[in-house]
Amino acid sequence: MATYKKGIETKERIFQAAKKMFYEYGYKAATIEKIANEAKVPIGLVNYYFKKNDILTIVYTQFIANIKKTIDEQAAHLIENPLQKHVVFTRLFYTIMLSNSRNRELYKEIFNNQLVEADVNALIGDELMDIIRSFNIDITESIFRRLIIAEYGARRELLMDRYDVLDPERSKDFINFLATIAVRLAGVDIRLIMQNVRRAEEILKNVDVSDIKFLI
């Protein structure tokens, strides 16, 4: 029992050390050696518990989950449909990510190098399907897969083009556009999209994410 508890504690120490190294050095420069030194464990023990990319995927997934949990707790009663929730989530995601220079640089590494595992993007894809279907649009799985590829490509290219000048406040319209690429491609009426974006703006006033951190 004591050995099991020690293993859990060691794993958590490695995980927290990796987050700190990602924050201080970025993903590529946060070597396994640096993580091991910070956690005060042998390098082999880091490799035993994690692959470096696995840690990043867990951090990213937890970050997304924490934002969604906060939205559900604080604003579920205000949200009328999945698109509004998605716009609120997207705005909060980028507000947190862009407001800290080190978070900002790590996220740039993530989308430039496609570092996050495919299952995280698949989860987002499932949500986009729910959003599109909420507007009574009949879409086949094959067409939806093509749409998601197009949405991901467009979002990535737009971010790469504008990322260095993005600001959580001054870039609201751009971030709202990123959040609505999929429904635009699916053919949802632009007036309906903008109506939901305006509603999301009101909902955002009721959500406090000041305690949510991406890394540390």
Side-chain angles (χ1 to χ4, degrees), residues 57 60-98 107-108 110-112 114-163 166-207 209 212 214:
T57 299
Y60 193 82
T61 304
Q62 287 182 349
F63 176 59
I64 289 173
N66 287 338
I67 297 174
K68 290 181 177 179
K69 181 173 182 287
T70 299
I71 294 170
D72 287 341
E73 290 175 347
Q74 299 182 13
H77 62 293
L78 302 172
I79 295 171
E80 299 164 342
N81 61 51
L83 178 58
Q84 292 174 9
K85 183 175 181 179
H86 184 65
V87 174
V88 170
F89 165 80
T90 304
R91 285 282 298 281
L92 294 173
F93 178 97
Y94 284 109
T95 294
I96 298 169
M97 200 67 81
L98 298 174
Y107 184 60
K108 188 175 183 179
I110 290 172
F111 73 74
N112 272 342
Q114 301 180 46
L115 296 175
V116 175
E117 296 294 340
D119 55 350
V120 177
N121 292 320
L123 176 62
I124 295 172
D126 290 342
E127 293 179 354
L128 291 176
M129 174 64 97
D130 291 339
I131 292 168
I132 291 168
R133 284 177 171 166
S134 73
F135 290 99
N136 297 316
I137 292 178
D138 187 16
I139 185 169
T140 65
E141 290 289 340
S142 61
I143 294 295
F144 178 72
R145 283 196 297 272
R146 290 178 223 161
L147 185 149
I148 289 301
I149 292 169
E151 189 273 348
Y152 176 77
R155 179 161 41 89
R156 184 169 179 272
E157 290 301 314
L158 286 166
L159 276 172
M160 290 175 68
D161 181 60
R162 292 279 304 277
Y163 194 72
L166 282 182
D167 176 88
E169 287 300 313
R170 294 194 297 270
S171 304
K172 289 178 181 178
D173 289 344
F174 178 78
I175 296 169
N176 287 338
F177 182 84
L178 293 181
T180 57
I181 291 173
V183 288
R184 291 168 187 266
L185 291 174
V188 176
D189 188 290
I190 188 64
R191 292 169 296 184
L192 192 53
I193 293 173
M194 296 314 298
Q195 177 184 322
N196 281 285
V197 168
R198 287 191 293 271
R199 176 61 182 164
E201 293 280 359
E202 293 300 313
I203 295 167
L204 276 162
K205 298 174 184 177
N206 297 273
V207 184
V209 291
I212 297 178
F214 177 46

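Positions are given from 1 along the sequence.
Applying the salt bridge (charged side-chain N to carboxylate O under 4.0 Å, His left out) rule to D130 yields no partners; only residues at least two apart in sequence or on another chain are considered. For T180, the side-chain hydrogen bond (donor to acceptor under 3.5 Å, both in side chains) partners two or more places apart in sequence, or in a different chain, are R184. In terms of the side chain to side chain contact (heavy atoms under 4.5 Å, CB included) criterion, residue partners of N66 (sequence neighbours excluded) are, by chain and number, I212. Checked against side chain to side chain contact (heavy atoms under 4.5 Å, CB included), T90 has the following partners two or more places apart in sequence or in another chain: H86, Y94, I175, A179. Contacts of L158 classified as side chain to side chain contact (heavy atoms under 4.5 Å, CB included), with partners at least two apart in sequence or in another chain: F174, F177, L178, I181. Judged as a salt bridge (charged side-chain N to carboxylate O under 4.0 Å, His left out), and not counting sequence neighbours, R156 has no contacts. For the side-chain hydrogen bond (donor to acceptor under 3.5 Å, both in side chains) test, residues two or more places apart in sequence or in another chain that qualify with E202 are K205. Shown here are the side-chain hydrogen bond (donor to acceptor under 3.5 Å, both in side chains) partners of R170, two or more places apart in sequence or in another chain: there are none. Applying the side-chain hydrogen bond (donor to acceptor under 3.5 Å, both in side chains) test to N81 and every residue at least two apart in sequence or in another chain returns N196. Scored by the side chain to side chain contact (heavy atoms under 4.5 Å, CB included) test, E157 finds M160 as partners (sequence neighbours excluded).
The structure places CG of L92 at 12.0 Å from NZ of K68, a figure rounded to the nearest 0.5 Å. With values rounded to the nearest 0.5 angstrom, I139 atom CD1 is found 5.0 Å from L147 atom CG. If you take CZ on R145 and CD1 on I143, they are separated by 9.5 Å, rounding to the nearest 0.5 Å. If you take CD on Q84 and CD on Q195, they are separated by 8.5 Å, rounding to the nearest 0.5 Å. Rounding to the nearest 0.5 angstrom, the gap separating the NZ atom in K108 from the OH atom in Y163 is 8.0 Å.
Taking the charged nitrogens against the carboxylate oxygens, R133 and E141 do have a contact shorter than 4.0 Å, which makes a salt bridge.
Sequence neighbours left out, the pairs with a member in residues 61-84 that pass ring pair (Phe, Tyr, Trp, His ring centres under 6.0 Å) are F63-F93, F63-F214. Residue pairs satisfying the salt bridge (Lys or Arg N to Asp or Glu O under 4.0 Å) criterion with at least one member in residues 83-93, sequence neighbours excluded, are listed as follows: D72-K85, R91-E201.
A heavy-atom distance below 4.5 Å is found between the side chains of I64 and F89. Here the side chains of T57 and Y60 are not in contact, with every heavy-atom distance at 4.5 Å or above. Using a 4.5 Å cut-off on side-chain heavy atoms (C-beta onward), Y152 and F111 make no contact. Within the 4.5 Å cutoff, the side chain of T95 has no heavy atoms near those of the V209 side chain.
Of all non-hydrogen atoms in A75 and I203, the two that sit nearest each other are CB-CG2, 3.7 Å. Closest of all the heavy-atom pairs between V183 and I132 is CG1-CG1, 4.4 Å. When all heavy atoms are compared, the tightest approach of S171 to R162 is OG-NH2, 4.5 Å. Shown here for L98 and P168, the closest heavy-atom pair between the two residues is CB-CG, 3.9 Å. Shortest non-hydrogen contact noted between A150 and L185 is CB-CD1, 4.1 Å. Contact detail for V87 and A200: the closest heavy-atom pair is CG1-CB, 3.6 Å.
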Applying side-chain contact (heavy atoms from CB on, under 4.5 Å) to N176 and M194, what does each step give before you reach the verdict? CA-CA 9 Å; N176 287 338; M194 296 314 298; over 6 Å; no
For D189 and F135, what are the C-alpha separation, side-chain angles and deciding distance, and is it a side-chain contact (heavy atoms from CB on, under 4.5 Å)? CA-CA 10 Å; D189 188 290; F135 290 99; over 6 Å; no
Go through it in stages, so that I can follow the logic: the residues are V188 and L83, the test is side-chain contact (heavy atoms from CB on, under 4.5 Å), and I'd like the CA-CA distance, side-chain angles, deciding distance and then a yes or no. CA-CA 11 Å; V188 176; L83 178 58; 5.8 Å; no
